[in-house]
Amino acid sequence: MEVISIDRSTYEELLTSFNSFVTQMKAMAGRGTDKRLGEWLDNQDVCQILNISPRTLQTLRQNGTLAYSQIEHKTYYKPEDVERVIPLVEVRKKDTHSYESHKRKGGGI
(Lines give C-alpha, C1' and ligand atoms only; values in the text may rest on other atoms or scores of the structure.)
Protein backbone atom coordinates (compact mmCIF):
# COMPACT_ATOMS: atom_id res chain seq x y z
CA MET A 1 0.00 0.00 0.00
CA GLU A 2 1.25 3.45 -0.95
CA VAL A 3 0.95 6.29 1.57
CA ILE A 4 0.64 9.84 0.33
CA SER A 5 1.25 12.69 2.68
CA ILE A 6 -0.25 16.18 2.18
CA ASP A 7 -0.26 19.17 4.48
CA ARG A 8 -3.34 20.11 6.49
CA SER A 9 -4.30 23.18 4.42
CA THR A 10 -4.30 21.14 1.20
CA TYR A 11 -6.43 18.45 2.86
CA GLU A 12 -8.93 21.02 4.17
CA GLU A 13 -9.15 22.69 0.75
CA LEU A 14 -9.79 19.30 -0.86
CA LEU A 15 -12.43 18.46 1.75
CA THR A 16 -14.17 21.82 1.21
CA SER A 17 -14.23 21.26 -2.56
CA PHE A 18 -15.61 17.77 -2.12
CA ASN A 19 -18.36 18.97 0.24
CA SER A 20 -19.29 21.70 -2.24
CA PHE A 21 -19.50 19.08 -4.99
CA VAL A 22 -21.76 16.88 -2.84
CA THR A 23 -24.05 19.84 -2.10
CA GLN A 24 -24.34 20.67 -5.81
CA MET A 25 -25.11 17.04 -6.68
CA LYS A 26 -27.85 16.87 -4.03
CA ALA A 27 -29.39 20.07 -5.42
CA MET A 28 -29.36 18.64 -8.94
CA ALA A 29 -30.88 15.38 -7.77
CA GLY A 30 -33.61 17.34 -5.98
CA ARG A 31 -34.54 19.15 -9.19
CA GLY A 32 -34.88 15.80 -10.94
CA THR A 33 -37.57 14.64 -8.54
CA ASP A 34 -39.85 17.43 -9.80
CA LYS A 35 -40.07 15.56 -13.12
CA ARG A 36 -41.32 12.20 -11.95
CA LEU A 37 -42.11 9.92 -14.86
CA GLY A 38 -45.14 8.61 -13.01
CA GLU A 39 -46.93 11.83 -13.91
CA TRP A 40 -46.02 11.59 -17.61
CA LEU A 41 -47.91 9.66 -20.27
CA ASP A 42 -46.46 7.24 -22.82
CA ASN A 43 -47.50 6.70 -26.46
CA GLN A 44 -50.16 4.13 -25.61
CA ASP A 45 -51.75 6.37 -22.97
CA VAL A 46 -51.91 9.33 -25.35
CA CYS A 47 -53.35 7.28 -28.22
CA GLN A 48 -56.10 6.03 -25.91
CA ILE A 49 -56.85 9.48 -24.47
CA LEU A 50 -57.02 11.14 -27.89
CA ASN A 51 -58.53 8.09 -29.63
CA ILE A 52 -55.92 8.27 -32.39
CA SER A 53 -53.51 5.86 -34.05
CA PRO A 54 -49.77 5.74 -33.29
CA ARG A 55 -49.12 7.18 -36.77
CA THR A 56 -51.35 10.19 -36.05
CA LEU A 57 -49.52 10.67 -32.76
CA GLN A 58 -46.22 10.64 -34.65
CA THR A 59 -47.57 13.33 -36.98
CA LEU A 60 -48.59 15.49 -34.00
CA ARG A 61 -45.03 15.20 -32.67
CA GLN A 62 -43.39 15.88 -36.03
CA ASN A 63 -45.41 18.98 -36.87
CA GLY A 64 -44.87 20.44 -33.39
CA THR A 65 -48.49 20.21 -32.30
CA LEU A 66 -47.68 18.02 -29.28
CA ALA A 67 -44.60 18.52 -27.12
CA TYR A 68 -42.76 15.44 -25.91
CA SER A 69 -39.61 14.19 -24.21
CA GLN A 70 -37.61 11.17 -25.17
CA ILE A 71 -35.65 8.98 -22.75
CA GLU A 72 -33.76 5.99 -24.11
CA HIS A 73 -35.94 5.70 -27.24
CA LYS A 74 -39.18 5.91 -25.24
CA THR A 75 -41.44 8.93 -25.70
CA TYR A 76 -43.27 10.69 -22.86
CA TYR A 77 -45.84 13.48 -22.76
CA LYS A 78 -46.97 15.86 -20.03
CA PRO A 79 -50.69 15.44 -19.27
CA GLU A 80 -51.29 19.20 -19.61
CA ASP A 81 -49.76 19.17 -23.12
CA VAL A 82 -52.06 16.31 -24.14
CA GLU A 83 -55.07 18.19 -22.73
CA ARG A 84 -54.18 21.23 -24.84
CA VAL A 85 -54.33 19.27 -28.10
CA ILE A 86 -57.68 17.54 -27.45
CA PRO A 87 -59.71 20.35 -29.15
CA LEU A 88 -57.34 20.34 -32.16
CA VAL A 89 -57.63 16.58 -32.58
CA GLU A 90 -61.43 16.76 -32.33
CA VAL A 91 -61.57 19.44 -35.04
CA ARG A 92 -59.33 17.37 -37.32
CA LYS A 93 -61.51 14.30 -36.78
CA LYS A 94 -64.62 16.29 -37.73
CA ASP A 95 -62.92 17.70 -40.82
CA THR A 96 -61.73 14.25 -41.89
CA HIS A 97 -65.17 12.75 -41.25
CA SER A 98 -66.86 15.50 -43.33
CA TYR A 99 -64.38 15.03 -46.18
CA GLU A 100 -64.83 11.23 -46.19
CA SER A 101 -68.63 11.58 -46.09
CA HIS A 102 -68.56 14.07 -48.96
CA LYS A 103 -66.26 11.79 -50.96
CA ARG A 104 -68.56 8.76 -50.48
CA LYS A 105 -71.50 10.78 -51.79
CA GLY A 106 -69.59 11.43 -55.01
CA GLY A 107 -68.86 15.06 -54.36
CA GLY A 108 -65.90 16.77 -55.98
CA ILE A 109 -63.29 18.87 -54.33
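What you are looking at is a predicted structure, and each value in this text was computed from that prediction instead of being measured.
The shortest distance between side-chain heavy atoms of R84 and D81 falls below 4.5 Å. When side chains are defined from C-beta on, L60 does not count as touching L88, because their heavy atoms never get closer than 4.5 Å. L66 is listed as a side-chain neighbour of V46, based on a closest heavy-atom distance under 4.5 Å. Side-chain contact between R92 and I52 is absent, with no heavy atoms from C-beta onward closer than 4.5 Å.
Separation of atoms CZ (R61) and OG1 (T56) is listed at 11.0 Å; rounding is to 0.5 Å. Put simply, CG on L57 and CD on Q62 are 10.0 Å apart, with the number rounded to the nearest 0.5 Å. Expressed to the nearest 0.5 Å, how far CG of N19 lies from CD of Q24 amounts to 11.5 Å.
Around atom CD of E13, no more than 12 heavy atoms belonging to other residues, nucleotides or ligands sit under 6.0 Å away. The neighbour count for R55 CZ, taken as heavy atoms of other residues, nucleotides or ligands under 6.0 Å away, is above 12. Around the CD atom of E12, the shell of radius 6.0 Å holds more than 12 heavy atoms that belong to other residues, nucleotides or ligands.
Classification of the W40-Y76 ring pair by plane angle, with boundaries at 30° and 60°, yields perpendicular.
Hydrophobic clustering (ILVMFWY, side-chain heavy atoms < 4.5 Å, transitive): F21 and L14 are in distinct clusters.
With sequence neighbours excluded, the residues that form a side-chain hydrogen bond (donor to acceptor under 3.5 Å, both in side chains) with S9 are D7.
Closest approach of D45 and L41 over heavy atoms only: OD2-CA, 3.7 Å. When all heavy atoms of V85 and T65 are compared, the closest pair comes out as CG1-O, 3.4 Å.
Its side chain within the 4.5 Å cluster rule, F18 clusters with V22 among the Ile, Leu, Val, Met, Phe, Trp and Tyr residues.
Partner Y77 forms a side-chain contact (heavy atoms from CB on, under 4.5 Å) with one of I49, D42, V82 and no other, that one being V82.
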